[in-house]
Amino acid sequence: MTGLDYSGLTSVFGKYYKRLVAYSKRYVQSYDEAQDIVQECFLKLWERRNRLSDFSVPALLYTMVRNACLDSLKHRAAVSNFEAGYFRSHATWDSVYDQDFLGTTEGSGLYSELYRVVRKEVSKLPQRCREVFVLSRFEGLSNHEIAERLGITDQAVHKHIDNAVRKLRRTIR
């Protein structure tokens, strides 16, 4: 980027910072997040100043801020969808984990029996469904990690887990 030195960046920062924060806040709804996004964009602009050629600095900054805001919103949506799916798919197991089976001799036997039944029923699941379920519930991998390991989509992993939980729920009842 020819012509943008430290004093030029300082001038651009002073002139556009507040406007860019207001622009960003319209997307992300948080003043603190908007400030972080704008500061990060100025930092990226400074770091890449030597690799850029002639352009409109304000237009570039507005584009960078808009894209960073959209990335932030996509990230929020992905996290929210993951959390919703995680809690939805773990609802049955949470109720099992909350039980205090090990407090008594009878409870210890009940736990052993439940564990045996679950293992037996898991072994009856279709191969891919079983593989996904074991990686998720027994090895603690995330849906994304399982998808990468098995070469399937995150959605397929979610469906396999839902099917397994549904079948196990019917059997355990």
Side-chain angles (χ1 to χ4, degrees), residues 20-21 23-45 47-48 51 62-173:
L20 288 167
V21 170
Y23 177 70
S24 177
K25 189 175 180 296
R26 287 189 289 189
Y27 284 97
V28 296
Q29 305 297 313
S30 163
Y31 184 73
D32 290 337
E33 186 177 2
Q35 284 183 307
D36 290 344
I37 287 171
V38 171
Q39 289 169 10
E40 188 67 32
C41 288
F42 270 103
L43 180 63
K44 286 179 183 176
L45 179 68
E47 289 172 345
R48 297 175 183 158
R51 288 182 266 161
Y62 275 95
T63 300
M64 289 172 70
V65 168
R66 184 197 68 219
N67 290 342
C69 289
L70 294 175
D71 287 345
S72 177
L73 293 173
K74 285 179 198 173
H75 176 74
R76 263 195 239 161
V79 167
S80 179
N81 286 340
F82 172 78
E83 288 173 349
Y86 178 85
F87 289 118
R88 193 171 44 251
S89 69
H90 284 74
T92 301
W93 291 97
D94 287 345
S95 62
V96 171
Y97 291 145
D98 287 342
Q99 301 301 318
D100 184 13
F101 292 121
L102 301 177
T104 65
T105 306
E106 181 181 313
S108 182
L110 182 58
Y111 178 81
S112 296
E113 178 64 17
L114 178 61
Y115 185 78
R116 186 189 63 71
V117 168
V118 168
R119 282 294 192 179
K120 178 182 172 192
E121 293 306 315
V122 167
S123 71
K124 293 179 183 177
L125 293 171
Q127 180 188 357
R128 181 63 79 168
C129 187
R130 178 178 59 246
E131 190 176 9
V132 168
F133 185 81
V134 167
L135 290 171
S136 172
R137 298 307 195 266
F138 297 133
E139 294 186 26
L141 297 179
S142 71
N143 286 8
H144 186 70
E145 290 169 329
I146 296 167
E148 284 182 344
R149 182 181 284 188
L150 300 179
I152 59 177
T153 65
D154 289 1
Q155 178 101 15
V157 170
H158 182 73
K159 286 182 181 182
H160 283 300
I161 292 171
D162 278 351
N163 289 337
V165 168
R166 204 173 308 114
K167 288 176 183 180
L168 292 171
R169 184 182 295 150
R170 271 184 259 138
T171 302
I172 293 172
R173 280 187 184 158

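What you see below is based on every heavy atom in this structure, not just the backbone, and it leaves out hydrogens, waters and symmetry mates.
- Checking His158 against Asp162 by side-chain atom types alone, a donor-acceptor pair falls below 3.5 Å.
- Between the CG atom of Leu168 and the CD1 atom of Ile161 there is a distance of 11.5 Å, given to the nearest 0.5 Å.
- Put simply, the side chain of Glu139 reaches to within 4.5 Å of the side chain of Arg149, judged on heavy atoms.
- A distance of 9.0 Å separates CG of Leu43 from CZ of Arg48, quoted to the nearest 0.5 Å.
- Under a cut-off of 6.0 angstrom, the local environment of CD in Gln127 is sparse, with at most 12 non-hydrogen atoms contributed by other residues, nucleotides or ligands.
- Here the shortest heavy-atom pairing between Asn143 and Asp154 reads O-OD1, 3.9 Å.
- Atoms CD1 and NE2, from Ile152 and His160 in turn, are 4.5 Å apart once rounded to the nearest 0.5 Å.
- Between the CG atom of Asn67 and the OG atom of Ser72 there is a distance of 12.5 Å, given to the nearest 0.5 Å.
- Ser123 places a side-chain N or O within donor-acceptor distance of the main-chain N or O of Lys120, the cut-off being under 3.5 Å.
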Inset, instruction - Would you sort out whether Cys69 and Ile37 count as a side chain to side chain contact (heavy atoms under 4.5 Å, CB included), showing the intermediate values? - result: CA-CA 7 Å; Cys69 289; Ile37 287 171; 4.0 Å; yes
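- Heavy-atom minimum distance, Ser24 versus Ala34: OG-CA, 3.4 Å.
- Pairs engaging residues 23-43 under the salt bridge (charged side-chain N to carboxylate O under 4.0 Å, His left out) rule: Glu33-Arg76 [sequence neighbours left out].
- Under the 4.5 Å side-chain criterion, counting only non-hydrogen atoms from C-beta, Arg128 is in contact with Leu150.
- Using a 4.5 Å heavy-atom cutoff, the side chains of Lys159 and Val132 are not in contact.
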Inset, instruction - Could you please spell out the steps behind the side chain to side chain contact (heavy atoms under 4.5 Å, CB included) verdict for Met64 and Phe42? - result: CA-CA 9 Å; Met64 289 172 70; Phe42 270 103; over 6 Å; no
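- The side-chain heavy atoms of Asn163 and Phe133, taken from C-beta on, include no pair separated by under 4.5 Å.
- In this structure, Lys167 and Glu121 have side chains that are not in contact, with every pair of non-hydrogen atoms separated by 4.5 Å or more.
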